[in-house]
Amino acid sequence: MPTWDSEKLAQLQQQSGNIRNICILAHVDHGKTTLADALIASNGIISSRMAGKLRYMDSREDEQLRGITMKSSAISLYYKENEKEHLINLIDSPGHVDFSTEVSTAVRLCDGAVVVVDVVEGVCPQTQVVLRQAWLEDIKPVLVLNKIDRLVLELKLTPLEAYLHLQQILEQVNAVTGNLYVSHVLEREANERTETSSTPTAHADGQVYDWSTELNDIDDSNLYFSPDQGNVIFASAYDGWGFSLDHFAEMYTNKLGISSKVLKKTLWGDFYLNSKLKRIQKGAQAKGKRPLFVQFILENMWSVYEDIYFRRDKEKMEKIVKFLGLKISARDTRHNDSRVQLQAVMGQWLPLSKAVLSMVANELPSPLDVSEQRIEKLMCTGGRRFDSLPAESQKLKNDFKQSCCNSDAPVIVYISKMFVVSSDSLPKNKQRPLTSEEIQERRESARQRHAERMARAETENGNTQPSKTEDIVPCEEVNSEEPEEKDVFVAFARVFSGIIKKGQELLVLGPKHDPRKVMDETLATENEKYISRFKVGELYLLMGRELEAMDEVPAGNVLGISGLEEHVLKSATVSSTPMCPAFTSMPFAAAPIVRVAVEPTHPAEMHLLVQGLKLLNQADPCVETLVQETGEHVIIAAGEVHLERCLDDLKKRFAKIKINVSPPIIPFRETIINPPKIDMVNEVIDDVNQIQIQTRLLDDLQEESLEILKDGTVKITTPMSFCTLAVKALPLPERITELLEENTELIRILEQLSTSKLAGKVDKNLNLETLEKLKELKLKFEAGFKEAGKRWRGCIDQIWSFGPKQCGPNILINKVSNYQRPSVWFGLDSSDNTEKLRDFDNSIINGFQLATLAGPLCEEPMMGLCFIVSEWTVEGSTTPATSQFSSKDSQGTDVNFKSDCIENKTSNEVPKSGTILKNEENEATSPIEGSILCTLQDSGLNYGRLSGQIISAMKDACRTAYQVKPQRLMAAMYTCNIQATAEVLGRMYGVLSKRNGRVLKEEMREGSAVFDITAVLPVAESFGFAEEIRKKTSGQASPQLFFSNWEVVRGDPFWVPSTEEELLHFGEKADSDNQARVYMNSVRKRKGLYVEEKIVEHAEKQRTLTRNK
Ligand SMILES: Nc1nc2c(ncn2[C@@H]2O[C@H](COP(=O)(O)OP(=O)(O)OP(=O)(O)O)[C@@H](O)[C@H]2O)c(=O)[nH]1
Ligand SMILES: [Mg+2]
């Protein structure tokens, strides 16, 4: 058995062609870490007896306790096949949905992936997610069908049933890959079509597009997992065995006299052996024959399980061992546990590590095989075109491709995350075993010291005998300076080109770094701030729980780098040349959603908490930490388990103080709906009732500067009647809100595009794909509006802005009759701007942004709203585009620029109109403002103040327009997947309904008594849900929660019974809970807003009760 030798590994690091960087991906608990154990044991790092039990890659205490992996970690392994030596850099990733960000960090550094699927559970939600992640990063996957032992031991399937079951699972996996592939081909086809159609000659010859061609023509057979192609392994990681068809093809070729090539192609599939003709024939199923896979593979395995595990037949076991030529130790043969005996036999017969490592070495690409497409994808941030990069940057592609590891090649390294290790586990602080020479030396020096002391004692005292204990000074005492234990950040990285060396000076390139600017003298200084220089600290070979120091690491390897904590927050690109573009950010499958506020138990320790939070933020790729407007320190985690881990880390590692944690802060959204047609007791509401509902609100809202029209339009006038606005709120059609939600990133690009075009700059660097996506998005919007009815006709070209933050799920529409403003799609048109922007245009947008950022119900963001501005008059401006401050005017450019700055700044900050006004007035002393003020003061106006007034008027108008409509709260919902057996189904439903959950789907899995349940559950009710389900079902059902969507909470939060029927049903006080109000009030309480609640509700009743007692 080869053992780990760091020199050997360092030598192998030089041979890029023999390196494989791979990660293990799967749904939670499908056996990734167990599989990794088997591979690690093959290198002698852990004992093979302990493989599967130790879970070596789960090095954290809580990982071991909970039995789930929480972080991705790497280990380098040695594998030799046919005299060819390989270095396998293996990354084990977590499968729990809360840690899916860790999967992205692993996938980015790899060239291939081993996807593990539990054959009993089949394709689970996270399996689909990881397959998609591998696809998005262009890395090649291979498949391990794991836990086959469960088919024998738990499901008790016959070999034939097991074969059919495995076939089904394989189909499921391939269906996921197929879907990914089809959507990719269609997308590419669409792009190619638009590219050709953009050339004027495309239609000249009357060419007709054939929509069906490409999908049918492309050979996609390499794409799928198929045992006969060698990319599937059947395994039981727990029992330590696994095989590919090759193994059995070789084994049977002599016995059957059939070539191994033929066997390899036919061992899986509908083939059987015609024993009379001694030929393999097709059609096993139709003829009722046993397929080869059943006859020659599964039946043999089943009989080994039967004889050794179930019947404990010693004789049979000996026979099997002899027949297979195995050597089982006496300790295993005599072992009481038949599972151990089974593992010893199966593990030797079909060693899992050999099967997997051989597949990895033969099927997965080396760093040299990286595709051009992947390189371009990595280098083109924000939808840019590769050819828009400067020539020097484009040249780097070759270095990438060759994984250049000569010292002249530029160094390019990507850091996907930062992780923490304690300083005493660093190689330099570790006590290493002494060599025999060192031991000899020490012994010699101790002897010398002893002799000296003896001599001194004799001369001083004449006859004193030194005591025995003083004889030899223990070695520990000699060098007793213990290094102080401290946390050290190490970057989890991969070298893509060049050789990184200890002590070398390199550049850290921030995400906004742009190589184009480096070439330009004027822009270079601006770009400087995105580049920082650092000196490479220690380099480490990652060995699971250990780190091994290295002096240099060549391209194609995964490594750890220290000395970067000051320069990198979570991920970064490091290079020796500024011409290297920053890599695209990693695609994350889950966004952090669970928030809690934290504070130190002892207020004096606040600084430790702040420092601790900073470290936590750096050490975890998914967590977010921030200070809220209220001054609270908030942690945002991906889920409950993740949150627990973060708090644990904060308490024990980063802050090392006691902290108080608030109950989870649940996010809500505020929206409006079309007026309901029935009331709370399902009675039809007639028109009179509707007006009544609204007048109740109107009473509160009447103000002098505010007028509310019958159709819900709100007219507002700024002080001194400078400006009048009329705004109306409508609920957006559902489809439009969905589109807005799904395309946030595209909308952000769209807004930037129009803004830069309005400012006279044309951005030509967007790649065709992004432009095409934007155009497609416009078409989708058009269709969405068309579907929603006449009311929305023409709205598409009147969109003024999206909000909040310029990309949220709300729309501002311009229906001002005398103001034809270019819409947001303007950036896509090739035509030039003919319309001018009115002054204060930005103020209207910012008022809208602020209103949508925090709604009136409980200051949560709005969603699915459309605000229509139907009137906007500014005193003294009769024509729509006024001259004085228009954007084309030289002074006006400054004005707009200035207001831009102010407004952009405020829109990202706390939404308080008061602050804005103050800001603007305070800033009136700057030189730009000064010059404007001269003009403004001439006309008796103060631009800054007016801009502020309009922002605040617009914000108020939007809020009021919102309030006159039926207001609703939206709750975040989780989709919840549970697998449970029939016995525990009832108890599980009990827990679900208690927490306002709803079952969407319940399916019985074929051939088993297990049900697959899909349900939705409000995030607000989800805390402790997994724990409760596990307890109630004695651990037989465990849910996986994914954020799915926002759902309107039934009922008006301000509703009180008003009709006779409602009063009859709910009573005057409506004692039964109004869920929307409960949610709203909880948020208001948390934020310190006014809550209309009486502390003592029924004082008389309470007194009566006491007297009766
Ligand atoms: N019966 C059986 N159990 C297995 C097998 N492989 C793993 N297990 C068990 O499945 C459980 C989960 O295994 P892990 O290796 O921790 O799974 P994982 O995929 O690493 O889980 P996460 O990292 O949390 O996503 C453990 O209890 C293993 O003992 C197998 O082949 N057969
Ligand atoms: Mg694991």
Side-chain angles (χ1 to χ4, degrees), residues 23-41 46 50-60 62-75 90-103 105-106 113-127 129-130 133 143-157 162 166 169 233-243 301 305 309 337 339-340 342-343 346-347 350-353 355-356 544-545 589-590 638-639 641-642 644-645 979 1026 1035-1036 1038 1040:
C23 50
I24 312 185
L25 307 176
H27 187 75
V28 65
D29 269 356
H30 279 201
K32 297 174 288 294
T33 314
T34 313
L35 172 66
D37 262 10
L39 307 187
I40 297 166
I46 60 172
M50 289 308 287
K53 298 169 191 79
L54 196 62
R55 290 192 289 116
Y56 181 74
M57 299 304 271
D58 289 352
S59 52
R60 290 173 57 100
D62 46 2
E63 286 180 321
Q64 287 288 342
L65 274 177
R66 277 181 176 265
I68 58 168
T69 309
M70 298 188 179
K71 50 151 193 14
S72 32
S73 45
I75 191 161
L90 174 81
I91 305 180
D92 180 31
S93 71
H96 194 283
V97 56
D98 280 12
F99 304 105
S100 55
T101 319
E102 292 274 351
V103 179
T105 64
V114 176
V115 177
V116 180
V117 175
D118 176 342
V119 289
V120 174
E121 296 197 351
V123 171
C124 293
Q126 210 56 21
T127 317
V129 172
V130 294
Q133 270 176 326
L143 184 68
V144 172
L145 292 174
N146 191 28
K147 303 203 187 182
I148 293 189
D149 61 296
R150 291 182 71 188
L151 300 182
V152 195
L153 305 178
E154 284 177 32
L155 302 192
K156 306 219 167 11
L157 300 185
L166 289 172
I169 301 280
I233 277 187
F234 302 89
S236 163
Y238 187 74
D239 288 343
W241 60 261
F243 63 87
M301 298 189 124
Y305 270 87
Y309 182 73
D337 188 351
R339 187 86 186 238
V340 174
L342 178 91
Q343 285 168 349
M346 293 296 285
L350 303 166
L352 175 61
S353 58
V356 174
R545 299 179 185 189
V641 183
H642 182 220
E644 245 171 68
R645 198 203 79 184
Q979 300 184 334
Q1036 290 191 39
S1038 75
Q1040 281 271 306

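Order of appearance sets the numbers: ligands from 1, and atoms from 1 within every ligand. We're numbering straight along the sequence, starting at 1. All values reported here derive from a predicted model rather than from experimental measurement.
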Using 0.5 Å steps for rounding, measure from the CG atom of L35 to the CD1 atom of I24. 4.5 Å
Would you call I148 and W241 a side-chain contact if the rule is heavy atoms closer than 4.5 Å? yes
Between E154 (side chain only) and D149 (backbone N and O only), is there a donor and an acceptor less than 3.5 Å apart? no
Is it the side chain (CB and beyond), the backbone, both or neither of R150 that lies under 4.0 Å from ligand 1, heavy atoms counted? side chain
Taking the side chain as C-beta and beyond, is there a heavy-atom pair between Q133 and L25 under 4.5 Å? no
Residues D118 and R150 bridged, charged N to O under 4.0 Å: yes
Among all protein heavy atoms, pick the one closest to atom 29 (O) of ligand 1 and tell me residue, atom and distance. Y238 CD1, 3.5 Å
Side chains of N146 and T34: closer than 4.5 Å at any heavy-atom pair? no
Using salt bridge (Lys or Arg N to Asp or Glu O under 4.0 Å), reason through K71 and E63 one step at a time and then give a plain yes or no. CA-CA 9 Å; K71 50 151 193 14; E63 286 180 321; 3.0 Å; yes
Flag atom 26 (C) of ligand 1 as yes if some protein heavy-atom distance to it falls below 4.0 Å, otherwise no. no
Regarding ligand 1, does T34 bring an N or O atom to under 3.5 Å of one of the ligand's N or O atoms? yes
Side chains of Q979 and C124: closer than 4.5 Å at any heavy-atom pair? yes
With heavy-atom distances below 4.5 Å as the criterion, would you say the side chains of M57 and I40 are in contact? yes
Could you tell me if the side chain of F99 sits less than 4.5 Å from the side chain of H642, heavy atoms only? yes
Return a yes/no value for G52: is any of its N or O atoms, backbone included, closer than 3.5 angstrom to an N or O of ligand 1? no
If you count the atoms of ligand 1 from 1 in the order shown, which ones are under 4.0 Å from a heavy atom of R55? 16 (O)
For atom 17 (O) of ligand 1, what is the closest protein heavy atom, and at what distance to 0.1 Å? G31 N, 3.2 Å
Check whether any protein heavy atom sits under 4.0 Å from atom 14 (P) of ligand 1. yes
Distance alone, cut at 3.5 Å: any donor-acceptor contact between the side chains of Y309 and D239? no
Find the distance between CG (L153) and NZ (K147) and round it off to the nearest 0.5 Å. 12.5 Å
Check each of L153, T69, D118 against atom 22 (P) of ligand 1 and report the one with the nearest heavy atom. T69
Looking only at protein heavy atoms, which one is nearest to atom 31 (O) of ligand 1, and what is the separation? A237 N, 2.9 Å
Return yes or no for this condition: an N or O of N146 is under 3.5 Å from an N or O of ligand 1. yes
Scan side-chain atoms only and decide if S72 and E102 contain a donor-acceptor pair under the 3.5 Å cut-off. yes
Give the total of protein N/O/S atoms at a distance below 2.8 Å from the Mg ion (ligand 2). 2
Can you pull out the closest protein heavy atom to atom 18 (P) of ligand 1? Residue, atom name and distance to 0.1 Å, please. K32 N, 3.5 Å
The option among V28, D29, T33 carrying the non-hydrogen atom nearest to atom 20 (O) of ligand 1 is T33
Are H96 and R66 close enough that some pair of their side-chain heavy atoms sits under 4.5 Å apart? no
For ligand 1, note which part of I68 has a heavy atom under 4.0 Å away: side chain, backbone, both or neither. both
Which residue and atom name correspond to the protein heavy atom nearest atom 9 (C) of ligand 1, and how close is it? K147 NZ, 3.9 Å
As a check for students: among D149, L25, V641, identify the option with a heavy atom nearest to atom 2 (C) of ligand 1. D149
